[in-house]
J.: 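Please read through the structure below; I'll follow up with questions.
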Amino acid sequence: MRSLLRAYASHRYAILFYSLLLTLGAAPLLEALRHDAALLEGFLALNLLAGALGYEAGWTKRVVLILTVTAVAARFASLQGPIDASPAALAFWTAIALLGAASALRFAMRSTRIDAEHIYAALSAYLLAGIFFGVLYHGVERVWPGSFTAGGAIGEFPLFDGIYFSFVTLATLGYGDVLPVSEVARGLAMIEAVSGQLFLAVMIARLVSSHVQTADGRKR
């Protein structure tokens, strides 16, 4: 068991990255097959747990794990209860995911030598932000109906549409098929778009600089 835990610890961000990729691949398939959103949220819950396990050992990791388990349990309990607490629970999910993204980013940037695990950490931070901003957009629409329009019409805004819009915004593609209408939705979209561009600019510069320093050190 200890050897298994050590193996996981040394590849935790690679595992997180591929779990996020699995979620991105499953999301449109589940939407096309008209599956209940709870199945997609199950994938998201696994991503949250993988992100929480990415923290280094210590009290911070224990606190984040407790918060993550509590948030996941609260969300799925709300599906069965008379009170719909899902928007608040989804916002809580997003906050935990963004903390996980910040932890992965810190891990990727603080090392002077770059290896595959640091690359996976940087990629995981980007995907975590994209996926869980989508969760937040979905929650915003639940709280303030009409915050988004799809195809020029205001109507349902499923979880997959939130994730789709999030990555279109994060990558600044601007297709225009989904639009933020309310002030809250527009403000969040601006924050995500600017954050995505800053991430790419700073992260690429950092990784290239570290790679060059590592290559120079080997030559010497």
J.: Can you find a heavy atom in the side chain of Thr23 that is under 4.5 Å from one in the side chain of Leu44?
T.: yes
J.: For the side chain of Ser147 and the backbone of Ser182, is there at least one donor-acceptor N/O pair under 3.5 Å apart?
T.: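 No, because the side chain of Ser147 does not come within donor-acceptor range (under 3.5 Å) of the backbone of Ser182.
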J.: Membership question, hydrophobic clusters at under 4.5 Å side-chain separation (ILVMFWY): are Leu98 and Val184 in the same one?
T.: yes
J.: Nearest heavy-atom pair of Ala52 and Val64: which atoms, and what distance?
T.: CB-CG1, 3.8 Å
J.: With a 3.5 Å distance limit and no angle check, can you tell me whether Ser103 reaches the backbone of Gly100 through a side-chain donor-acceptor pair?
T.: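 Not confirmed, Ser103 side chain does not pair with Gly100 backbone.
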J.: Do Thr149 and Val178 have side-chain heavy atoms sitting under 4.5 Å apart?
T.: no
J.: Spell out, yes or no, whether Val181 and Trp144 are grouped together once hydrophobic residues are joined by side-chain heavy atoms under 4.5 Å, including indirect joins.
T.: no
J.: May I ask you to test the Phe43-Leu30 pair for a side-chain heavy-atom distance under 4.5 Å?
T.: yes
J.: Quick one about Glu117 and Ser10 (side-chain donor to acceptor, distance below 3.5 Å, no hydrogens or angles considered), yes or no?
T.: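 No donor-acceptor contact under 3.5 Å links the two side chains.
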J.: Between CD1 of Ile96 and CG of Leu128, what distance do you get to the nearest 0.5 Å?
T.: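 So the CD1 of Ile96 and the CG of Leu128 are separated by 12.0 Å.
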J.: Quick one, Phe167 and Leu24 - any side-chain contact, counting heavy atoms below 4.5 Å?
T.: yes
J.: Counting N and O atoms only, with roles assigned by atom type, does the side chain of Thr94 sit under 3.5 Å from a partner on the main chain of Leu90, one being a donor and the other an acceptor?
T.: yes
J.: Do Asn47 and Leu127 make a side-chain contact, defined as non-hydrogen atoms from C-beta onward lying under 4.5 Å apart?
T.: no
J.: Are Phe148 and Leu179 side-chain neighbours, meaning at least one heavy-atom pair lies under 4.5 Å?
T.: no
J.: Testing Tyr13, Phe132, Phe199, Phe17 one by one against Tyr126 for a ring pair (Phe, Tyr, Trp, His ring centres under 6.0 Å), which residue passes?
T.: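 When ring pair (Phe, Tyr, Trp, His ring centres under 6.0 Å) is applied between Tyr126 and each of Tyr13, Phe132, Phe199, Phe17, only Phe199 qualifies.
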J.: Are Tyr137 and Phe157 near enough that their ring centres are under 6.0 Å apart?
T.: no
J.: Working to the nearest 0.5 angstrom, can you tell me the gap between Leu136 CG and Ile191 CD1?
T.: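 Output value for this atom pair is 9.5 Å.
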J.: Please check this pair: side chain of Asp161 against backbone of Tyr164, looking for a donor-acceptor N/O pair closer than 3.5 Å.
T.: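 Such a contact is absent between Asp161 side chain and Tyr164 backbone.
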J.: Would Tyr18 and Tyr120 count as a ring pair (Phe, Tyr, Trp, His ring centres under 6.0 Å) here? Give the steps.
T.: CA-CA 9 Å; Tyr18 287 113; Tyr120 280 126; 5.6 Å; yes
J.: State, yes or no, whether a side-chain contact exists between Met203 and Met109 at a heavy-atom distance under 4.5 Å.
T.: yes
J.: Heavy-atom distance under 4.5 Å between the side chains of Phe133 and Leu170, does that happen here?
T.: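 Phe133 does not reach Leu170 side chain to side chain.
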